[in-house]
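Below you'll find the structure, written out as structure tokens, and then a few comments.
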Amino acid sequence: MSASSAPQKLVSAPVAHLEGRVRAPGDKSISHRALMFGAMTVGETTIEGLLEGEDILSSAAALRLLGASVERVGEGAWRVRGVGVGGFREPPDVLDMGNSGTAARLLSGLIASHAFTSFMTGDASMRRRPMMRVIEPLSRMGARFVSRDGGRLPMAVTGAPTMMPIEYRLPVASAQVKSAVLLAALNTPGETTVIEPEPTRDHTERMLEGFGADVRTRKLDDGARAITIVGQPELGGNRHIVVPGDPSSAAFAVVAAAIRPGSDVMVENVGINPTRAGLYETLREMGAALSFENQRVTGGETVADIRVKGGGLKGVDVPPQRAPTMIDEYPILAVAASCAEGVTRMQGVAELRAKESDRLASVAAGLEANGVRFEIGADYLNVHGGAVPGGGLVTTHLDHRIAMAFLVLGLAAKTAVAVDDGAPINTSFPGFVALMNALGTEIGNG
Ligand code: S3P
């Protein structure tokens, strides 16, 4: 695991252009959910295209400790035999969420409605991240939590034998918090409603419906979305889930091609759900030559092959309301912005401070180390584009997206860029270096 393995320095050298065709790895958000919802279903769920990153393996291990059978049967092919809604057992050991916020928040929702006590921890990054955002609504429903100061892991969760339905308006735009409440709601009598002022990724709603849950979504007068779950449905039957490629992972190859004039790259099988596609809209506004080809529906999600040709990027203003649809893409957008002509202004991005690292600070430090001009505030980052000197050593802070983003910067800089630790890349994108090098990058051990 990245937390315990030795740091692995990586270096990315400048290259002329990228070319070729690659396939995006499985979607991380959808992979977590496929395992978790399969574990809550009576019957067998088979999954193909599952992301086999460390974050997903953390979810799989936790679900086994809770009594589900979760087996790998081939490459990306998994079989889950579930215990039914409300059927988890007391885990005989600590649930170790590794680096994964999604595993920690969604599983908190799952176990909150079970009348036993579980203990949850994670790696050094995860133990710094806020859990109060799920503790608060789940406590209102009846679960009890004992955490470290400020709602940090490790924590103990004692579930309620009978949960109370609530109506909960999200104070932060977070699909993880929304999902934690909706998953607790499945094993809660009555109707539980989550109101989200801004749309966040909707994979939970889509997939729960696919599993036969009663999910009702309506738009409120103020434009917010209300999602209601009717508790205690029978989730039964055998399901087959095809996991689409991850737009957040595909983003690295797409931006790598976009910032190198003369590049021509196709990334196949990328999920383009509008609640995830904000980066692609932004790249288009920046002038990127980007097209979605061969659009089709896979496992209830629209996917496309993304073709991108390099060059011609200009700075833009990215509106704050777009942030939830590209929340994981700001590090790589900052790299695109560094290579664009003019200034790119990213606003309303305070949530970046609650990710695997304080991503606003990590991105700013990485830009600084490589001679890129920027201004940073509590919730904004302005990046001044132009020729990138490079030559810096970037600190990853156990954050996979910081590592991948700055390796992409290296290919377009004057001098190679290094990251102190590439090991966290395995949490979301095992095979990143090989895939990028197949397109023409020169990423190697430092
Ligand atoms: C995720 C939601 C996002 C995102 C994370 C995955 C999910 O977090 O950053 O990588 O799968 O629900 P928030 O919902 O907390 O913004």
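Just follow the structure's listing: the first ligand is 1, and inside any ligand the first atom is 1. Below, all heavy atoms of this structure are taken into account, side chains as well, without hydrogens, waters or symmetry copies.
In terms of heavy-atom proximity, Ser108 sits nearest to Met155 at OG-CE, 3.4 Å.
Atom 6 (C) of ligand 1 has as its closest protein heavy atom Thr102 OG1, 3.3 Å. Atom 14 (O) of ligand 1 has as its closest protein heavy atom Ala175 N, 2.7 Å. Among protein heavy atoms, the minimum distance from atom 15 (O) of ligand 1 is reached at Ser174 OG, 3.0 Å.
Look at Arg296 and Asp305 and you find a salt bridge, because one of the NZ, NE, NH1 or NH2 atoms lies within 4.0 Å of a carboxylate O, short of that distance. Salt-bridge check for Glu375 with Arg345: failed, with every basic side-chain N at 4.0 Å or more from each acidic carboxylate O. In this structure, Asp27 does not pair ionically with Arg201, as no charged nitrogen and carboxylate oxygen lie closer than 4.0 Å. Between Arg276 and Glu301 there is no salt bridge, since no side-chain nitrogen of the basic residue lies less than 4.0 Å from a carboxylate oxygen of the acidic one. A salt bridge does not link Glu209 with Arg206: none of the charged nitrogens is closer than 4.0 Å to a carboxylate oxygen.
The nearest non-hydrogen atom to atom 16 (O) of ligand 1, considering only Gln176, Glu351, Arg276, Lys355, comes from Lys355.
Residue contact check for ligand 1: Thr200 places no non-hydrogen atom closer than 4.0 Å to it. Using a 4.0 angstrom heavy-atom cutoff, Arg33 counts as in contact with ligand 1. Residue His203 places no heavy atom under 4.0 Å from ligand 1. For the pair Lys28 and ligand 1, a heavy-atom separation below 4.0 Å is found.
Of all atoms in ligand 1, numbered sequentially from 1 with element shown, those under 4.0 Å from a heavy atom of Ser29 are 1 (C), 6 (C), 7 (C), 11 (O). Residue Asp328 approaches ligand 1 through these ligand atoms, each under 4.0 Å from one of its heavy atoms: 4 (C), 5 (C), 9 (O), 10 (O). Here is the list of ligand 1 atoms found below 4.0 Å of a heavy atom in Ile327: 9 (O).
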Evaluate salt bridge (charged side-chain N to carboxylate O under 4.0 Å, His left out) for Arg169 paired with Asp222, printing each intermediate quantity in order. CA-CA 13 Å; Arg169 197 177 177 94; Asp222 63 357; 3.0 Å; yes
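A donor-acceptor pair shorter than 3.5 Å cannot be found between the side chains of Thr395 and Asp420.
For ligand 1, none of its N or O atoms has an N or O atom of Arg105 under 3.5 Å away.
No part of Lys178 comes within 4.0 Å of ligand 1, judged by heavy-atom distances.
Side chains of Phe432 and Leu435 form no contact here, defined as non-hydrogen atoms less than 4.5 Å apart.
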